[in-house]
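Here the structure is laid out as structure tokens; the discussion comes afterwards.
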Number of protein chains: 6
Amino acid sequence: MTVDLEPATRAAVLVEALPYIQRFRDSVIVIKYGGNAIAEDSGVPGGEAAEGQALASFAADVVLMRSVGIRPVVVHGGGPQIGELMSRLGKVPAFRDGLRITDAETLDIARMVLVGKVNPDVVSAINVHGPLAVGLSGADSRLITAVPRDASLGFVGDVGNVNPTLLLQLLNEELIPVVATIGADESGQAYNINADTAAGAIAVALRAEKLIYLTNIEGLRRDVNDPTTLLSQVTLDELDGLVADQSISEGMIPKVQSCLRAVRAGVGGAHILDGRVRHSLLLEIFTAGGVGTMVTPD
Amino acid sequence: MTVDLEPATRAAVLVEALPYIQRFRDSVIVIKYGGNAIAEDSGVPGGEAAEGQALASFAADVVLMRSVGIRPVVVHGGGPQIGELMSRLGKVPAFRDGLRITDAETLDIARMVLVGKVNPDVVSAINVHGPLAVGLSGADSRLITAVPRDASLGFVGDVGNVNPTLLLQLLNEELIPVVATIGADESGQAYNINADTAAGAIAVALRAEKLIYLTNIEGLRRDVNDPTTLLSQVTLDELDGLVADQSISEGMIPKVQSCLRAVRAGVGGAHILDGRVRHSLLLEIFTAGGVGTMVTPD
Amino acid sequence: MTVDLEPATRAAVLVEALPYIQRFRDSVIVIKYGGNAIAEDSGVPGGEAAEGQALASFAADVVLMRSVGIRPVVVHGGGPQIGELMSRLGKVPAFRDGLRITDAETLDIARMVLVGKVNPDVVSAINVHGPLAVGLSGADSRLITAVPRDASLGFVGDVGNVNPTLLLQLLNEELIPVVATIGADESGQAYNINADTAAGAIAVALRAEKLIYLTNIEGLRRDVNDPTTLLSQVTLDELDGLVADQSISEGMIPKVQSCLRAVRAGVGGAHILDGRVRHSLLLEIFTAGGVGTMVTPD
Amino acid sequence: MTVDLEPATRAAVLVEALPYIQRFRDSVIVIKYGGNAIAEDSGVPGGEAAEGQALASFAADVVLMRSVGIRPVVVHGGGPQIGELMSRLGKVPAFRDGLRITDAETLDIARMVLVGKVNPDVVSAINVHGPLAVGLSGADSRLITAVPRDASLGFVGDVGNVNPTLLLQLLNEELIPVVATIGADESGQAYNINADTAAGAIAVALRAEKLIYLTNIEGLRRDVNDPTTLLSQVTLDELDGLVADQSISEGMIPKVQSCLRAVRAGVGGAHILDGRVRHSLLLEIFTAGGVGTMVTPD
Amino acid sequence: MTVDLEPATRAAVLVEALPYIQRFRDSVIVIKYGGNAIAEDSGVPGGEAAEGQALASFAADVVLMRSVGIRPVVVHGGGPQIGELMSRLGKVPAFRDGLRITDAETLDIARMVLVGKVNPDVVSAINVHGPLAVGLSGADSRLITAVPRDASLGFVGDVGNVNPTLLLQLLNEELIPVVATIGADESGQAYNINADTAAGAIAVALRAEKLIYLTNIEGLRRDVNDPTTLLSQVTLDELDGLVADQSISEGMIPKVQSCLRAVRAGVGGAHILDGRVRHSLLLEIFTAGGVGTMVTPD
Amino acid sequence: MTVDLEPATRAAVLVEALPYIQRFRDSVIVIKYGGNAIAEDSGVPGGEAAEGQALASFAADVVLMRSVGIRPVVVHGGGPQIGELMSRLGKVPAFRDGLRITDAETLDIARMVLVGKVNPDVVSAINVHGPLAVGLSGADSRLITAVPRDASLGFVGDVGNVNPTLLLQLLNEELIPVVATIGADESGQAYNINADTAAGAIAVALRAEKLIYLTNIEGLRRDVNDPTTLLSQVTLDELDGLVADQSISEGMIPKVQSCLRAVRAGVGGAHILDGRVRHSLLLEIFTAGGVGTMVTPD
């Protein structure tokens, strides 16, 4: 897949990436890779081939980041994939206020899909490049201690605590942790946890340099209906204003809240990128003109 | 659950365990924990409560081993649990020569059950005692590189190679690896691998002191039909003889072959224990009168 | 010396010890092993065989503690043994206020007995189990800097300073320090130091988890004359009260004062145990129902 | 100096560099940076501005290599610059068989120019990017022990021995050594050493992955007079043939001999690049279509 | 060069050195070795042989210091040697207020002489004893960041910042750094820096135990014209008084100011020694009766 | 005790010591310090003051050795001191073939004197200079495993094995081990071991650079009765000849045999020095003209 370019142009791209490579060396970057991003990328239901390509491209980007000394941590969801298995098992999803009501059987299904299917798919896509990725769930080494959110929702949990020890050990071994966001309470009871929220909490616990959401939108807009108002950078205060104005679409609220919390807690910056654009990760990190929206401290 | 004992008796048990604790300090012990062992222990189909107790007891034993400086590695299967999800999805299991024919859908199911259900169940049972266990599949950090066994069996693999680096890193951090035996080839394609075989290969790669199979039989017998001929110890040559004599039941063949290979490749000893006896692990390791059969070098 | 027990009972004892083993892993425990405890155990003068058994049993307990990751430090006295050599050399012991008046010749005798006889006896008893113990006197690497107590007592010293560096180095090598409490001032002049007091000062300097006195009494009593008033636990304030009430026998005062000082200075707890009961150390540390008296922070 | 490119093209260049970045991570690459290359690049005598730009571009390339985990070592010459100072001091250069006859005064001039001018110029150009480069001469820590070549040449030396310890220490600190090839014998007497030869010897001593000569020619040609016969790759045996055929121009002989020796002694590969092409280093290392000639093992 | 002495006398000297050897073990000692000291020692212009002897003697002293665990850092000047090359190149030195006006050409000459001649001469003299010394200029690893002193002086710089990292790394490898005091600003522009001032700044940055100036005077005098008023020790306050009284000769002012600053900033003591006395360094450091003047905290 | 010397002479002694200091840095030197040497030095029975001075001088020498990076290990005897306590206890020494017949009581006395008196005296003399020395007996950490020599001699042992681990750990902490040569067998039974022999075995186990015997003779003589035939150096073969000729006095045989064995087993050299000459250790190690006899490999 060599591109046809003048040597000088080719060299210029490499040289332009230099200050970014220096700046982010040894930095932890937490990337939320959405189940939606995967699914939408393929464009059609069951579009496995396309999904595979998107995943392979994502994996290559993550490996490139690591190759230049960045320490990526991948956190993933898998909503559509959970829905698919539920329907195959004749189970009707139920939601309340946008949250999936999770009885014991649903939890079992979510766990099998996230930990037993999506997670190893991501791990394997990365490991085509070498023995690099290690799949984790929140139960491993008590990475995510869950607290129940609301009894009526069943086994839906919030992040009570993130224990970053295992992640740091793996990062020190230059491995890439890939996290499925099933947590457990101290009795070992599992809970399903929103992956957007968990990604933010992990970024804070790791004092990450960046928290990046790969989504299926271009970025945030000042006017949600006007594509020309795409925001390439926004401060915390401005983003608070957009939330208050209801300029943020409902589906983006957990991501946006998580960005606000993470940057306020010391994460260097948060990004909402279009995961459908190939290599948007690389373009955001290694070039001056990023893509998507960057949330910065005030 | 304090037992009512004279202080002197209590002390005597602790003192008797001393030479074993000293001897196995820092030793790696690989324990194959069978899906069958779990299921049979409960005695009745769907006996979840009983299974939970057996698992909790197993977990406590593993944690005790680690507390005294042993480095346990748990490898597990999950045949019955895979069968159960297949039947719920209306999929009819097919076998040939005792091996499950594994098409893409069956592989997906096996992966979800082993990696997404049985593995986190074992991890969570251990982590009730602290942030101790980490769940792995063979795809993580290319732990198990699979090679296809026979095209007509589909995605059934053999162990091509075990890369023990990640296991050793986790053991050095005093963590307990729990391994689901799904491997992957270099292209990232997953394969289902027999857990008995994988446990033996892992023991060899780790230069383990012991390889222990927790089964649902009392041990090996000289005469398979005569319970009074239980063997408490058997050498490699004797065991070769028993295999040649067809004195080993068919279901035990993979375990027995794996014991032979592992001890011949340098593992200190292999054990076939009755997983239905509570704390049989502790009794085998820490007391003079073990339970079950021990395979020793000639 | 295998005890005849049901496997289940045997396993239950091991399992009961689990939380204690976990809790005290890597903890430093300072054990004062009294010259009296040794002598009284034999019950009869010259009862060498019995003494040897008590010492062997004590040594086995210390080695078991180390086997499960505890870091024991042994501090010993040797009053009766000093008296014996003095009498053989025709030297009449002189005391004032319970303290031995120590002229140069007496100091020489004390040093030879403590450093050259009792200390290597304890070291050798432990080293039957391997190259584990190292004998030290307070002069080694200036472990205990002595200050003279009172000119009229001669070479009787107090602990001026404990330099724990050497102890920590040996503990890091997983060795068991055995300390004879002869200190030296900066000019190299030796002093005899009360072993009860020295044990407490060493526990403080090492930030020990426990300070344990093995004595020839059952423990402290609320009413010193009433065996039914044995205290299994006592707080610092309560113990101050008992001292004020003169409910503590004179011989126990240095131990009790040392317990109070050590726990007030941050040692986790102090214990007064009956050294005549075999394995009382193990029973106190590894079982719920300890023996003797435990001094706890308020 | 941002280039105007489609994001996809930009990403493609980064992605193409990936396998090379992975492959050369932690590899030592020795780069001979010629005094000629600097001088010819400017095109005109005294063309300081142009020289400065070429040097800045070279420095940026070296820093980029380091940013992605390569360990570059720079070895430089300075013939034209030595000639210039000699002429200012009214000293007439004398050569025999292409080697500069070096009396004590000439040696002094060579040392001042190489160690006191060219070397700090290269160091400073790199250190614009941070505290990265450290200038060395062969006398530092006895890096290069010189042996006299031929009494009639004066203080012209050969490499007797390379002591790589200091280079390895600096590389371990992620520093970039920049070496002026003045060596010293054991009495401390300095000698001028051919930089092409020294670069090869250093590459061998460091077990380098690559040895790269930045020259003022495009590369080696099969027919030295026919620019269309440029060789992009050549094996050791083929190169021996070209030397035997006298197809190598005289000025290239030391470089070619050094390439042959280094690759025969275990260096992974040697390159003769056109230093006049901006970023030829990057293009050779990080892209599939290198520039210049690569010498590979047979 | 064995001295003829009684064994007892010989032993006495070694024994007398003991407390000093113990006291300065692992201490950093910064030694300013002046261009003047070298030149004056020879007594006659061009007295190369004598200079060589003085340098060899100095080098032997520095190596002895290192042999007993001291960490010496040598900082050198080279004024006379710069003057000599300027005159050979027909360049007339210009001074203002005792500072050399430094145009681009003069800077080039200073750099070549200091970095390319004096520095490797000192390094080579030390390395006769082994691979011990490493020559550095202030540009290496941005050791000395220069700031321009006064535009009208040209490229004369002050010490803006000392980055001691590289020095500490070399000292940890038991190497002896030898520093030429050419600094660079962040753009890489070089500046000539007064070596007396730089030595003091380096001593402060390294938290040195001692800062020693080897000069061509006996030491400071209370009355500059009266040799009998030599001061063997002087406090900061007393020295301030001498400066205020104009009792310090002009040429000594930068050294004296640097001593005052360094000791006020935490350097243990500063010394002004007579570099013309062989082994004055050793006598000052290892014997009770030092030579020259010691500046101590009040 | 400052000696009155010209500065230049003083400096010359220090400078002469330089090559020796460099050469022996980090070398292990085992010094046998004899009970006889101590006793004879005082010249008169009970000459405690003189003994104290000799010991203090010895201690200062050992500390000086350590100060310059040498790793000294002291092994001591104590024959005269054992005899003294035996006589005070009314015990008549019995010898056979020059070896003390050692019944249980004699062993007890030897242990008390060596471990409890001579050893701490040596340790304390060294520790006047800081927390430097640690006293050990052969029982500590199973340093010397003893084997019985001859049943009729009682508890007289030979060195079965030296376990240098503890010595190496202490040396790595820059501590000075002081060893009393009481060994123990695996059952913990103590044995008295000839200190000359033990010193040699320890030197071999530590791969020492030198083994030094401090004795009460000037050195070996070619003709034992002719003081003018003192040998300053002797090879292994020559020394074999002297033993065969019976030119070695009986009392020196164990030392001489031990020298032969140690140098044959790889110790760099062995020395027999006159311990009565103050600082003979320093003079031997740090000056060209040593004192006493040096045994060198052929």
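Residue numbering restarts at 1 for every chain, and letters A, B, ... go by the order of the sequence lines.
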Give me the atom names and distance for the closest heavy-atom approach of [X] to [Y].
X	Y	answer
E/His279	F/Ala11	CB-CB, 3.5 Å
F/Arg10	E/Val13	O-CG1, 3.8 Å
F/Leu14	E/Leu64	O-CD2, 3.9 Å

Counting heavy-atom pairs under 4.5 Å with chain F, which one of E/Gly130, E/Ser67, E/Ser57, E/Ala60 comes out on top?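 Sorted descending by pairs with chain F, the first entry is E/Ser67.
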About how many Å separate CZ of E/Arg25 and CZ of F/Arg66, when rounded to the nearest 0.5 Å?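 Output value for this atom pair is 6.0 Å.
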